[in-house]
Amino acid sequence: MELFTWLFLYVTPLTSSDRCFSDGIPEGERANLVSQGSSYPVGNWVNGWDAGFAAGEVAEILLKEKLGYNVTQKVGPNTVDAFYALAGCRTPTNVTDRGCGPDMTTRVHLSTEGWTGGYATVWDDVQTAYPATAPRNLGNMGYTGTATSYISSSLQEFAYSSEGYSLDFYRDYSVAWRDPAKFFTVPNQVTSKLRPCDETILVDSVQMNNYLKQTGDHDGVTIQGNGDVHARCFDGHFWRAPVCRSNSACLLYLTGGAGWGGDELLQKATFFHMPIAWAAAKAWSDFTSIPSELNVTFFWWVPDPTFLRLAPVPIVFPPHDRKAWKRGDRRSLSKGISIDKYISKDLASLAPDIEEFMKAYLLDMEDVNSIMLKKMNSDMSYFDAACEWLHANNEIWQAWLPDKTKCFERFGLYNEKEERYVESRADPTHLACHACPPGFHSQSLEDTHICLPCSPGSYQVSGASLACDPCPLGEYQDETGSISCKRCGFGEYQNATGQSSCSPCPAGTTTLGFHSQSINDCGCKDETINVLSSSSNFECQRCGEGLRCPFGSSIESLTQGEADLGDDYVPEVLQGYVSHPEDPLKIFECRPANLCSGGTPGQCAGGLSGLPCASCEEGKAWSGTKCEECGANWVGWAVGTPVAATGLIGAYYFVNTEVMTKASAFQACLMAAGIAVNAFQSLAIFGMMTVKWTPKFESASSGLSVFVLDVEILGITCVTGPSNFLRFLGSCL
């Protein structure tokens, strides 16, 4: 009765007409497992999620039609249930009574797509409690389960085509470098589909206290009356990162449940200056629909088909740091979980060929995704989707079938005793075919294949690969067997693919950041300027007083007043200085400073010209702030000159009057006026000194220059014209 109930609950029968290969072994010719006089089919435990069905159906088709076994499929809701089923427990999905006991005989013999790392304690408990029947873990299936942040590929393509933003690297979101929020939906647009803050992890005091401890962001949390720490809530639904709290220029980050992955995302947004407005969707339907309708970042895990149609792109964060995570620091990626395959303990004796098949059975993430996507897009069963994949990938699954030393493409010879890949099968003992790991590629050797490490200058991020990819522009790799390339650092570039090193920038130059792809990305360092005209030739000289030279300054950008990198990288003559366009690095200081406006060479204030901004054009005179038409200045000089001459004659006789012991009141006033004039002269002379005075003092002393016979402000050029000789002669007279 117990056995009947168990089968009724867990068996998902396939009709006898289900067949994938026209030359596959027909149902009538398939064998059962035989043990102690009993005969029964192979039990295939399928974990009841999409990737579990995809992986389980592929294995089941091959077991039936290529290895010739009868197979019964059983479905369970999680990995833990598979542990108990493989151990022989009669009711593995009953969490209160798994139906385990002594003398168990299992009817489940294999399972795929198991998340062992998430249930390591349960796995250990099963191994300890039922050593005679506890299942065996054959290791990774070929891919890793991960959960991180994603954007849709259409959003990435839009950002890249618009402004060259790739948005697939966490530094692309730093407001210190970029303004990523412009490409995303305004967070407040979806508040009706979001959970309020008090229904999310934002009120989980343990997680929020750890956030405060790690980041020190006191402004991002609130301390409750009972001492609990809650995240600060904005607009009833959001937590905003520090870099966008004041201006609200945040991009929406969406997660599900009560806030999956929220504890690490809050830390990442704070540490990496990401303008994130974090929120949790109100319902599963909201979580799955918003990323399809709006431009948002979102939390997701793989393998899973929910967002496959978006062709999502993961945001790359620093690799997982186990020690940092142990102390609560979540700025690195969460640890990926190995997706494993299991067999029952007795399968090696019941069907060693199935054991060998399961050892070789390896899918990669692309394979699983293609099966799930095919089912979604074509509205077919997982059997049909798996069958279609098998027909399209004959060479992959052929390598899974027991033939220990004949490896197909994407696989290579592996010594299971020494646990290493080998390049010869002279001694076939302990050899098997394993998929080439990341950092290796498969290469033919007679009628088999071997795995060779990627050479310097190349990499391979995926397993089971036919070739290594050359490092792209701006990157290099100086080691063998690499899964990624290294970015060229500051002061380096690489303008060719497949290189083992980067080229240094010319002497005196550097780059603005990492990943430079051309010598044109090199530029003179801050406070220096390139005096050569070619953008790929450099001779950097230190900028003198009166010049501001940011990174990449050149004579061309100084004289033209523009730079390819933008206005912040345009060199300029500072206010109070001037140079000639023909010799822009020869700088003259202006007295007073307001005569020279700065900017590009040759720029003077108020219509002045010459060096250093000393002359008005003919017919104009300096008024103290700008060059103005002479106008009444002609009359002033015509009348003032004879009046001044007459005054000088009168003054001569006046100052030579009889000297008296006591000055009259009039004489005292004259003496006071003389002292005042003397003081004004002193102030004017101070203003002419090569001392940096405040702008107000320079302006005041310039106005007093007439008292030291500097008559420029009185418009003497209206009489002498622009000739420097005549101006000097007039001033002397």
Side-chain angles (χ1 to χ4, degrees), residues 55 59 86 110-117 120 123-124 127 131 134-146 319-320 322 335-345 347-349 351-365 367 396-456 458-468 479-484:
L86 288 162
L110 60 97
S111 181
T112 56
E113 244 280 325
W115 294 60
T116 317
W123 173 267
D124 292 340
Q127 298 295 314
R136 294 169 54 199
N137 186 344
L138 296 184
N140 183 263
M141 283 191 55
Y143 55 93
T144 300
T146 58
H320 178 72
R322 180 181 59 83
K335 182 181 179 181
I337 297 179
S338 177
I339 307 300
D340 297 336
K341 52 197 174 183
Y342 319 100
I343 61 172
S344 61
K345 177 155 288 189
L347 185 62
S349 58
D353 55 340
I354 297 181
E355 179 189 29
E356 292 302 316
F357 165 77
M358 288 297 293
K359 287 180 179 179
Y361 180 41
L362 290 169
L363 295 169
D364 60 30
M365 188 71 72
D367 297 327
I396 294 179
W397 61 261
Q398 283 284 358
W400 302 340
L401 304 181
D403 184 356
K404 301 185 69 173
T405 64
K406 187 176 181 180
C407 304
F408 291 90
E409 288 184 339
R410 304 177 186 272
F411 295 79
L413 294 171
Y414 184 82
N415 190 309
E416 293 183 321
K417 181 179 181 180
E418 299 177 2
E419 297 184 342
R420 66 183 182 89
Y421 288 90
V422 297
E423 300 178 14
S424 170
R425 56 177 176 180
D427 180 5
T429 309
H430 305 300
L431 291 187
C433 294
H434 283 206
C436 294
F440 286 70
H441 69 282
S442 178
Q443 180 172 301
S444 62
L445 175 69
E446 298 175 351
D447 63 342
T448 188
H449 285 78
I450 58 175
C451 296
L452 297 178
C454 294
S455 60
S458 64
Y459 74 103
Q460 182 50 257
V461 68
S462 302
S465 298
L466 298 176
C468 296
E479 300 176 2
T480 60
S482 299
I483 64 173
S484 64

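What you see is a predicted model, and the numbers here were worked out from it, not measured in a lab. In what follows, every heavy atom counts, from backbone to side chain, and hydrogens, waters and symmetry copies are set aside.
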Is any side-chain heavy atom of [Y] closer than 4.5 Å to one of [X]?
X      : Y      : answer
Ser444 : His449 : yes
Phe357 : Leu401 : yes
Ile354 : Leu347 : yes
Ile343 : Glu355 : yes
Pro453 : Tyr421 : no
Thr480 : Pro456 : yes
Tyr342 : Thr116 : yes

Over all heavy atoms of both residues, which pair between [X] and [Y] is shortest? Give the atoms and the distance, please.
X      : Y      : answer
Ala55  : Glu113 : CB-CG, 4.1 Å
Lys341 : Asn137 : O-OD1, 3.3 Å
Ala360 : Ala399 : CB-O, 4.0 Å
Ser442 : Phe411 : OG-O, 3.0 Å
Ser349 : Pro352 : O-CD, 4.3 Å
Thr448 : Thr405 : OG1-O, 2.9 Å

Give a yes or no on whether the backbone of His434 and the side-chain of Lys359 come within a donor-acceptor separation of less than 3.5 Å.
->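 Looks like no, no N/O pair under 3.5 Å.
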
Okay, side chain of Gln460, backbone of Gly481: is any donor-acceptor separation there less than 3.5 Å?
->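 Answer holds: no.
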
Enter the distance from [X]:[atom1] to [Y]:[atom2] here, rounded to the nearest 0.5 Å.
X      : Y      : atom1 : atom2 : value
Ile339 : Leu363 : CD1   : CG    : 12.0 Å
Glu356 : Asp353 : CD    : CG    : 8.5 Å
Leu110 : Leu86  : CG    : CG    : 7.5 Å
His441 : Cys451 : NE2   : SG    : 9.0 Å
Leu431 : Glu416 : CG    : CD    : 8.5 Å
Met141 : Asp364 : CE    : CG    : 10.5 Å

For the pair Trp400 and Tyr361, name the ring-plane relationship: parallel under 30°, tilted 30 to 60°, perpendicular over 60°.
->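 The rings of Trp400 and Tyr361 stand perpendicular, inter-plane angle above 60°.
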
Just wondering, more than 12 heavy atoms not from Lys335 lying within 6.0 Å of its NZ?
->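 Atom NZ in Lys335 is not packed in, count stays at 12 or less.
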
Asn140: partners by side chain to side chain donor-acceptor pair (under 3.5 Å), with sequence neighbours left out =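 If we apply the side chain to side chain donor-acceptor pair (under 3.5 Å) test to Asn140, skipping adjacent residues, the hits are Ser338.
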
Residues two or more places apart in sequence or in another chain: which of them pass salt bridge (Lys or Arg N to Asp or Glu O under 4.0 Å) with Glu479?
->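 Scan of Glu479 (salt bridge (Lys or Arg N to Asp or Glu O under 4.0 Å), adjacent residues dropped) gives Lys486.
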
Please list, chain by chain and in numerical order, all residues satisfying side-chain contact (heavy atoms from CB on, under 4.5 Å) with Thr146, sequence neighbours excluded.
->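 For Thr146, the residues satisfying side-chain contact (heavy atoms from CB on, under 4.5 Å) (neighbours in sequence not counted) are Thr144, Tyr150, Val302.
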
